[in-house]
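Below you'll find the structure, written out as structure tokens, and then a few comments.
Both backbone and side-chain heavy atoms feed into the values below; hydrogens, waters and symmetry mates do not. Within every chain, numbering begins at 1; the chains are lettered A, B, ... in the order of the sequence lines, protein sequences first and strands thereafter.
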Amino acid sequence: MSTGMYEGAIQDLIDALGRLPGIGPKSAQRIAFHILQSDSEIAANLVEAVRTVKERVKFCTQCGNVSEETECRICRDPRRDGTKICVVEESKDVIAIERTREFRGKYHVLGGAISPIDGIGPDQLRIRELMQRLSDSTITEIILATDPNLEGEATATYLARLIKPMGINVSRLASGLPVGGDLEYADEVTLGRAFEGRTNL
Amino acid sequence: MSASQTKLYRDEAIILRTQKLGEADRIITLLTKEHGRIRGVAKGVRRTMSKFGARLEPGSHVDIQMHSGKTFDTITQVEAIMNYGEALTEDYQRWTIAHAILETAERFTQQEEEPAQQEFQLVVGGMKALAENRYDSSLILDAFLLRSLSIGGYEPSMTACSRCEKPGPHRYFSLVGGGSVCMDCRPSASATASSEALELMQALLKGDWDVAEKSEPRHRREASGLVTAYLQWHLERGLRSLPMVERA
């Protein structure tokens, strides 16, 4: 990538685009030429959008979700149930849960999961902030919605160990069979979990 | 590459580390029985519908089929032998120890594709002992670290002086000097070690669990301190998971 074929500005743009996730040198070149050939208004909008996102978007002081104010829309909403907090790894997970329309409580974004091999421990996540929120006695339930992989499970185990002694109800998202799939293709871990968490009819 | 003619190859492996790649893929670092440490791409494993994502988690012992590629090999099929990691997430302390074991194994197999059968067997054994909760988990970790050092050619001396071979036990322990050192040979920055801690380390290295389990907590702490300091000195760069291990 460092051996640029084009001169000056166009190569700078290709290099900048190439650093984005999922964009290789070929795609970067294609996007750069698309921008070059399109109306200057489209380019100006793009520049403006990139600038404002960096300027305006902050992290909610309460839950750590992305927000344009000091507190995010969900934390500010008085209709949301403040007694329940759903703990997730990333802001993207908040949106995924919001899409279900099942949960009307508030969120807490950890910013990742505990993974000692990558140097991420409890102190690198927003766990201290969560514990601070829990000192408010109105909170009665914590739903741990970390990813259903080992890092997520271990993070949930760690949090449960911290929170349970406080007398707060701690629950973990169920895991099991994906809707719309065939049983025979399920892996043994997922199928085993589905068995463990089966429900009475 | 040893399997360049066939393109497809099969091996037994333990998963050391996973990293996200692109939208839904992962790069999986594996320690295999025949091919040493390799990195492979697992496509689409982060999607909820993935058929083998659950088997490709750190600590899993798997039977794997790979397709050799230019930069990375692609993982095409996975069968679980034992999902050790799955059993360990319910116990935070043991899970952090599992991570320390996996990271150590990665560091001791520096060269990719260089067969490391002893280290492989050692990791499998360590994960098994940990998942079955067979011994005190802190002792399992120290035993694993000592044996990894031994396989790597850095076995510390725990009885005779490492310099003049004068029979011990000696009171001094030197990271630079290769373990136990006698009064006359000791370098200036030597630590002191109790004979009980050295005896415990010897027992852990040789797999004498009866002796190891009878040791007192303070000697276990001392031995852990010596082992980790010795390990960090030989690895040059510290292990990231080790400070996060909760020692009993």
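At most 12 heavy atoms of other shown residues, nucleotides or ligands fall within 6.0 angstrom of atom CZ in A:Arg30. Around CD of B:Gln121, the count of heavy atoms belonging to other residues, nucleotides or ligands within 6.0 Å exceeds 12. When the shell of 6.0 Å around CZ of B:Arg10 is examined, it contains 12 or fewer heavy atoms from other residues, nucleotides or ligands. The neighbour count for A:Phe103 CZ, taken as heavy atoms of other residues, nucleotides or ligands under 6.0 Å away, is above 12. Within 6.0 Å of CZ on A:Arg76 lie more than 12 heavy atoms contributed by other residues, nucleotides or ligands. For A:Phe59, the CZ atom sits in a loose shell: 12 or fewer heavy atoms of surrounding residues, nucleotides or ligands are nearer than 6.0 Å. The number of heavy-atom neighbours closer than 6.0 Å to NZ of A:Lys164, taken from other residues, nucleotides and ligands shown, is 12 or below. Atom CD of B:Glu236 has 12 or fewer heavy atoms from other residues, nucleotides or ligands within 6.0 Å.
In terms of heavy atoms, B:Pro58 sits closest to A:Glu151 at CG-OE2, 3.6 Å. The shortest non-hydrogen separation linking A:Glu188 to B:Ala80 is OE2-CB, 3.1 Å. When every heavy atom of A:Thr157 is checked against every heavy atom of B:Asp91, the shortest pair comes out as CG2-N, 4.2 Å. Considering all non-hydrogen atoms of both residues, A:Leu150 and B:Gly85 come closest at CD1-CA, 3.6 Å.
Neither the backbone nor the side chain of B:Leu88 comes within less than 4.5 Å of any heavy atom of chain A. Contact of B:Glu86 with chain A is made through backbone and side chain together, with heavy-atom distances under 4.5 Å. Looking at A:Ser115, both its backbone and its side chain come within 4.5 Å of chain B, counting heavy atoms on both sides. Residue contact with chain B, scored on non-hydrogen atoms closer than 4.5 Å, is absent for A:Leu177.
Listed for the A:Glu153 side chain is no donor-acceptor partner under 3.5 Å among the backbone atoms of B:Thr89.
Here the OG1-CD1 distance, from B:Thr96 to A:Ile117, works out to 12.0 Å after rounding to the nearest 0.5 Å. Here the CD1 atom belonging to A:Ile120 is positioned 8.0 Å from the CZ atom belonging to B:Arg240, to the nearest 0.5 angstrom. Summarising the geometry, atom OH belonging to A:Tyr158 is positioned 13.0 Å from atom CD belonging to B:Gln93; distances are rounded to the nearest 0.5 Å. In this structure, B:Tyr92 OH and A:Leu162 CG are separated by 9.5 Å, a value rounded to the nearest 0.5 Å. Between the CG atom of A:Asp118 and the NE2 atom of B:His99 there is a distance of 7.5 Å, given to the nearest 0.5 Å. Annotation: the span from A:Gln124 atom CD to B:Met244 atom CE amounts to 5.0 Å, rounded to 0.5 Å.
Between B:Glu90 and A:Arg172, no side-chain nitrogen of the basic residue sits less than 4.0 Å from a carboxylate oxygen of the acidic one, so the salt-bridge criterion is not met.
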